[in-house]
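Reading through the C-alpha cells given below for one structure.
Quantities reported herein were computed from a predicted structural model and do not represent experimental measurements. Heavy-atom basis, side chains included; hydrogens, waters and symmetry copies ignored. FYI, the numbering just counts along the sequence from 1.
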Amino acid sequence: MQEEFIVHENTTSLPTIHVISDSVGLTAQAMARAAAAQFGETNPNIEVLPHVRSAEQIRTWIDEHTALHASRGDARVLIFYTLVDGDLRHALTEYAATKPSVTAVDLLTEAIGSIAKLSGQVPSKRPGGLHVADQHYFRRIEAIEFTIAHDDGRNPQEMTQADIVLLGVSRSSKTPTSIYLAQQGYKVSNIPLDPSTEPPKEVFDVDRTRLFGLMTTPDVLIGIRQRRLGNAAVVASKYADPEYVYEDLDKARALMRKLGAIVVHTENRAVEETAQEILRYYERVHPAGADIVKES
C-alpha cells in the first residue's frame with residue numbers, strides 16, 4: 001500500500017526538508033520554515049509523512065525518497081522528525097544510521113528531556129499534544145484562516161476586523177510575516193502598495209495602533225526583485241528598475257506617514273525578527289489576551 005504523504009512544492013536552491021511525525025507534523029514544518037528563513041527562503045520545499053504508526057512506514061518512506069532524489073542526481077535526504085513514541089524514534093534513528101546519504105534531525109527529544117529533568121515531571125508521550133483543542137488552539141486556526149483570506153489585499157471590506165494590518169511594497173515580506181503572526185494567533189490583513197494604484201479606502205478606518213508599514217532599503221529590494229524575476233528581468237525590467245523602486249518606496253513611506261503606521265524595517269532580518277518587533281509595539285497597546293477576553 002502506498003503511504004500517505006503531503007508535498008508543499010516550491011522551487012528553491014535549498015534541499016527539500018522531509019518531515020516525519022506521529023502527529024500532523026506542524027511543529028516540524030514550522031521549524032523547517034524558520035531554519036530555511038535564515039538562508040533567505042521563506043517557503044522551502046517540504047514533504048511530510050504524518051501520523052506514523054509503524055517502523056515499516058518510516059523505512060519504506062525513506063527508501064522511496066532516497067531513490068527519488070538519487071534519480072535526480074543527488075541521493076542526500078534531510079529529515080526533521082517529531083516522534084513522541086520512543087519505539088518509532090529508535091527505529092528511525094537506527095535506520096537513518098545505516099543510510100550515509102540521510103541526515104535525520106530529532107526536534108523533540110532533547111527539549112522534552114530537558115523539561116522533564118528540570119521539572120521532575122514525566123512527559124505524557126501523547127502525539128499532537130501541542131494541538132489540544134483549547135481556546136488558544138482554535139484562535140490560532142481562526143487567525144490562520146482569516147490571514148489567508150486577507151492576503152495581498154483580498155477582502156478589504158473586512159480589514160477593520162484584523163488584529164494587525166501590514167502595508168508594504170512588493171517583496172517586502174508581507175505574506176510570510178502575516179503567516180508567522182497568524183500562527184501566533186493574530187488575524188492579519190496585508191495590503192500591497194505600488195505607485196500606480198491607490199490603497200483600499202478601508203485602510204483609513206483601521207486603528208493606527210494596528211497599522212504597520214514594512215520598509216526596506218532600495219538596494220536590498222532591487223536585489224530581491226531581480227532574483228525574483230530571473231530570466232524574465234529583461235521583459236519586466238521596470239519592476240526592478242532603481243528609479244521605479246525608489247519611487248515605489250518613497251510613495252509607500254509617504255502613505256505610511258499619512259496613516260500614522262508604525263514603520264518596521266525588514267532588510268537583513270528573518271521573518272521571526274520582523275514579527276517580534278511588530279508584536280513588541282502591538283502588545284504595549286493591546287496586551288496579550290485582551291482580545292480573547294473581549295471576544296469571550
What pairs with His18 under ring-ring contact (aromatic ring centres under 6.0 Å, His included), at least two apart in sequence or on another chain?
Trp61, His65, His69
So how far is it from Ser170 OG to Leu193 CG, rounded to the nearest 0.5 Å?
10.5 Å
If you count the non-hydrogen atoms of other residues, nucleotides and ligands that lie under 6.0 Å from CZ in Phe204, is the total more than 12?
yes
Measure across Arg89 and Val84 and return the closest heavy-atom pair with its distance rounded to 0.1 Å.
NH1-O, 3.2 Å
Can you get from Val206 to Ile191 by hopping between Ile, Leu, Val, Met, Phe, Trp and Tyr side chains that sit under 4.5 Å apart?
yes
Look at the side chain of Ser71 and the backbone N and O of Leu68, then say whether any donor-acceptor pair between them is shorter than 3.5 Å.
yes
For Arg53 and Asp22 the tightest heavy-atom approach is NH1-O, 2.9 Å
When rounded to the nearest 0.5 Å, the distance separating OG of Ser189 from CD1 of Ile164 is 11.0 Å
Verdict with reasoning, Thr93 to His90, per side-chain contact (heavy atoms from CB on, under 4.5 Å)
CA-CA 5 Å; Thr93 303; His90 182 68; 5.5 Å; no
Looking at Glu273 and Ala270, would you say the former's side chain and the latter's main chain have a donor-acceptor pair under 3.5 Å?
yes
Do the side chains of Pro200 and Met159 get nearer than 4.5 Å, heavy atoms only?
yes
Within the 4.5 Å heavy-atom criterion, are Thr66 and Ser101 side-chain neighbours or not?
yes
Please check if the side chain of Asn190 supplies one atom and the backbone of Asp152 the other of a donor-acceptor pair under 3.5 Å.
yes
Just how far is it from atom CG of Leu107 to atom CZ of Phe80, taken to the nearest 0.5 Å?
6.0 Å
Using a cut-off of 6.0 Å, state whether more than 12 heavy atoms not belonging to Glu198 lie near its atom CD.
no
What's the shortest heavy-atom distance between Gln183 and Arg140, and which atoms?
O-CD, 3.0 Å
Ignoring hydrogens and angles, tell me if any N or O in the side chain of Glu247 forms a donor-acceptor pair with the backbone of Glu243 under 3.5 Å.
no
Cluster link Met215 to Ile224, ILVMFWY, side chain under 4.5 Å
no
Show your reasoning for whether side chain to side chain donor-acceptor pair (under 3.5 Å) applies to Thr109 and Asp106.
CA-CA 6 Å; Thr109 300; Asp106 184 349; 2.3 Å; yes
Are Leu259 and Tyr282 linked, directly or through other ILVMFWY residues, by side chains that come within less than 4.5 angstrom of each other?
no
Main-chain N/O of Val188 paired with Thr147 side-chain donor or acceptor, under 3.5 Å:
yes
For Leu166 and Ile278, run side-chain contact (heavy atoms from CB on, under 4.5 Å): C-alpha distance rounded to whole Å, both residues' side-chain angles, the deciding distance at 0.1 Å, then the answer.
CA-CA 10 Å; Leu166 302 182; Ile278 289 170; 3.8 Å; yes
Would the number of heavy atoms belonging to other residues, nucleotides or ligands and lying under 6.0 Å from CG of Asp205 be above 12?
yes
Which residues end up grouped with Ile115 if you chain together Ile, Leu, Val, Met, Phe, Trp and Tyr wherever their side-chain heavy atoms are less than 4.5 Å apart?
none
Could you measure the distance from the CZ atom of Arg33 to the CD atom of Glu41? Nearest 0.5 Å is fine.
10.5 Å
Non-hydrogen side-chain atoms of Leu167 and Lys174 separated by less than 4.5 Å
no
Before you tell me yes or no, could you show the steps for Arg269 and Glu277 under salt bridge (Lys or Arg N to Asp or Glu O under 4.0 Å), namely the whole-Å CA-CA distance, both residues' side-chain angles and the distance that decides it to 0.1 Å?
CA-CA 11 Å; Arg269 273 183 166 171; Glu277 181 168 350; 2.3 Å; yes
Salt bridge or not between Asp248 and Arg225? Use side-chain N to carboxylate O under 4.0 Å.
yes
Go through it in stages, so that I can follow the logic: the residues are Thr82 and Ser21, the test is side chain to side chain donor-acceptor pair (under 3.5 Å), and I'd like the CA-CA distance, side-chain angles, deciding distance and then a yes or no.
CA-CA 5 Å; Thr82 51; Ser21 175; 3.3 Å; yes
Under the 6.0 Å and 45° cation-pi test, does Arg284 pair with Tyr281?
yes
For Ile148, the hydrophobic cluster (side chain heavy atoms closer than 4.5 Å, chained through members) also holds Ile144, Ile179
One thing to verify: whether Glu56 and Arg59 come together as a salt bridge, which I'm taking to mean a side-chain N less than 4.0 angstrom from a carboxylate O.
yes
Test item: Tyr244 and Pro195 side chains (from C-beta on) under 4.5 Å apart, heavy atoms
yes
Are the side chain of Gln57 and the backbone N or O of Ser54 linked by a donor-acceptor pair below 3.5 Å?
yes
State plainly whether the residues Lys187 and Glu145 are in salt-bridge range, i.e. N to O under 4.0 Å.
no
Heavy-atom closest pair, residues Gly185 and Ala143
C-CB, 3.6 Å
Leu49 side chain reached by Val19 side chain, heavy atoms, under 4.5 Å:
no
Connected via hydrophobic side-chain network under 4.5 Å: Leu214 and Val220
no
Audit row: Ser178, Tyr186, side chain to side chain donor-acceptor pair (under 3.5 Å) steps and yes/no:
CA-CA 9 Å; Ser178 296; Tyr186 298 92; over 6 Å; no
Gap separating the NZ atom of Lys99 from the CD1 atom of Ile79, nearest 0.5 angstrom
10.5 Å
If we ignore angles and hydrogens, is there a donor and acceptor under 3.5 Å between the side chains of Thr217 and Asp219?
no
Side chain Ser23, main chain Gly25, donor-acceptor under 3.5 Å:
no
Which heavy atom of Gly168 sits nearest to which heavy atom of Met256, and what is that distance?
CA-CE, 4.3 Å
Verify the neighbour count for atom CZ of Arg154: are there more than 12 heavy atoms of other residues, nucleotides or ligands below 6.0 Å?
yes
Is Asn45 reaching over with its side chain to a backbone N or O of Pro15, donor-acceptor style, under 3.5 angstrom?
no
The reported gap from CZ in Arg227 to CZ in Arg171 (rounded to nearest 0.5 angstrom) is 10.0 Å
So, the side chain of Gln184 versus the backbone of Tyr180: is there a donor-acceptor pair under 3.5 Å, distance only?
yes
May I have the step-by-step check of side-chain contact (heavy atoms from CB on, under 4.5 Å) for Thr209 and His286, ending in yes or no?
CA-CA 9 Å; Thr209 64; His286 307 278; 2.8 Å; yes
In the structure I gave you, are the side-chain heavy atoms of Asp250 and Arg253 within less than 4.5 Å of one another anywhere?
yes
Quick check on the hydrophobic clustering: are Val203 and Val264 connected, directly or via other members, by side-chain heavy-atom contacts under 4.5 Å?
no
Minimal non-hydrogen separation, Leu181 against Ala275, with atom names
CD2-CB, 3.8 Å
Worked verdict on Asp194 versus Ser196 for side chain to side chain donor-acceptor pair (under 3.5 Å):
CA-CA 6 Å; Asp194 72 80; Ser196 60; 2.5 Å; yes
Contact between Ile46 and Thr16 at the side-chain level, heavy atoms closer than 4.5 Å - yes or no?
no
Compare all side-chain heavy atoms of Ile62 with those of Val77 and state whether any distance is below 4.5 angstrom.
no
Give a yes or no answer on whether the side chain of His150 reaches the backbone of Phe146 with a donor-acceptor pair at less than 3.5 Å.
yes
